[in-house]
2 protein chains.
Amino acid sequence: MNINADFVEKLRNSGLRPTKQRLKICEVLFNTEKTFHFTINDLSKIIKEKVNEKISLATVYNTVHAFKKKGYLKEISINSDKSYFDTNTSVHHHFYDEDTNQLIDCHQNDIGNISIKKNVTGKKVNSIEVLIKVKNNNQN
Amino acid sequence: MNINADFVEKLRNSGLRPTKQRLKICEVLFNTEKTFHFTINDLSKIIKEKVNEKISLATVYNTVHAFKKKGYLKEISINSDKSYFDTNTSVHHHFYDEDTNQLIDCHQNDIGNISIKKNVTGKKVNSIEVLIKVKNNNQN
DNA sequence: ATGTTACTTTATAATGATTCTAATGTATAT
DNA sequence: ATATACATTAGAATCATTATAAAGTAACAT
């Protein structure tokens, strides 16, 4: 029918019912050329301003968490006061601009291989994530 | 006089008045052989249970933030629901045990060198932190 | 088609961590 | 000693997130 057919399938495949609200949120999150980072607050704003649909805040929370659980979103922790989500769920790292508080992707190939020489006993490495904090040169 | 003389000086040197409360917190945090990780909640508990001194929660928050600002503590963000502090302020990385929610130090030498091949333009790298999430082998 | 059931959405209340407030207390310099 | 700026404190306020429970909707069997 349209772009949404894909999303309907995507949701159905993961056991989530394709509701109006979830499809709208899919459009906002996944119908873009580039992946991006957002906070729940950002997402609520986008829905309010750009999409002619009123979605309850509780539903936004529910949906984001459901999508995260299904692996359609990734949560990124930079500092205690903001929780970011990432529509890029592939293994990749991040730059965090401390001047502007911006989060920027750093792809696997932009970083040398990381070798863990000593692991915690009896455990397997599940993920390795690097956070590179950057700042302007001209300040102390 | 005693161990506290060092802390008095430490505090004075950084422009913080050596109050009774701050000295007690110094004892808890820095008078240990090994560095450790804690949440504000953990710290409050330790003070309540192990130290014969009642310190207001607001003061615990104030002090931890003051110490962080002065570089005596480091904040570690693993996930959105808990904020950890680390008495080890040196550059080092972390293992995070997803089964037990434990945070374990990973020293610089336990990890191969990390080369950033492509930096954000006009910025300087301020810190590189690696978070290695680990899990038990025998589960999916 | 209709009805049943389980899942969703929703507004609102509840929670819980953190910060604010403003009154009281204390370290420091004169 | 005194003044002053800095600290502590209890409790209130705030803010993000989660819980609640009632109303709505998708899915499935009949």
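We use all heavy atoms of the structure for the numbers below, so side chains are in, but hydrogens, waters and symmetry mates are not. All chains are named by letter (A, B, ...) in the order of the sequence lines, taking the proteins before the strands, and each is independently numbered beginning at 1. Remember, it's a predicted structure, so these values are computed and weren't measured experimentally.
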Proximal nucleotide (of D/dG11, D/dA7, C/dT18) relative to the B/Leu16 side chain: D/dA7

Which nucleotide in C/dT10, D/dT17, D/dA27 has an atom nearest any side-chain atom of A/Ser56: C/dT10

Modelled atom types, side-chain donor and acceptor of B/Glu129 and B/His92, under 3.5 Å: no

Side-chain donor-acceptor contact under 3.5 Å, B/Thr39 with B/Asp42: yes

Looking at [X], I'd like to know whether one of its side-chain N or O atoms comes within less than 4.0 Å of OP1 or OP2 on [N].
{"X": "A/Arg17", "N": "C/dA6", "result": "no"}
{"X": "B/Gln21", "N": "D/dT9", "result": "yes"}
{"X": "A/Thr59", "N": "C/dT10", "result": "yes"}
{"X": "B/His65", "N": "C/dT19", "result": "yes"}
{"X": "B/Arg22", "N": "C/dA27", "result": "no"}
{"X": "A/Arg12", "N": "D/dA27", "result": "yes"}

Plane angle bin for B/Tyr84 and B/Tyr96 - parallel if under 30°, tilted between 30 and 60°, otherwise perpendicular: perpendicular

Residue pair B/His94 / B/Asp86, side-chain heavy-atom distance below 4.5 Å: yes

May I ask you to say what [X] touches in the nucleic acid, namely base, sugar-phosphate or nothing, with a heavy-atom cut-off under 4.0 Å?
{"X": "A/Thr19", "value": "sugar-phosphate"}
{"X": "B/Lys54", "value": "sugar-phosphate"}
{"X": "B/Asn62", "value": "base"}

Interatomic distance where OH belongs to B/Tyr61 and P belongs to C/dT19 [whole Å]: 7 Å

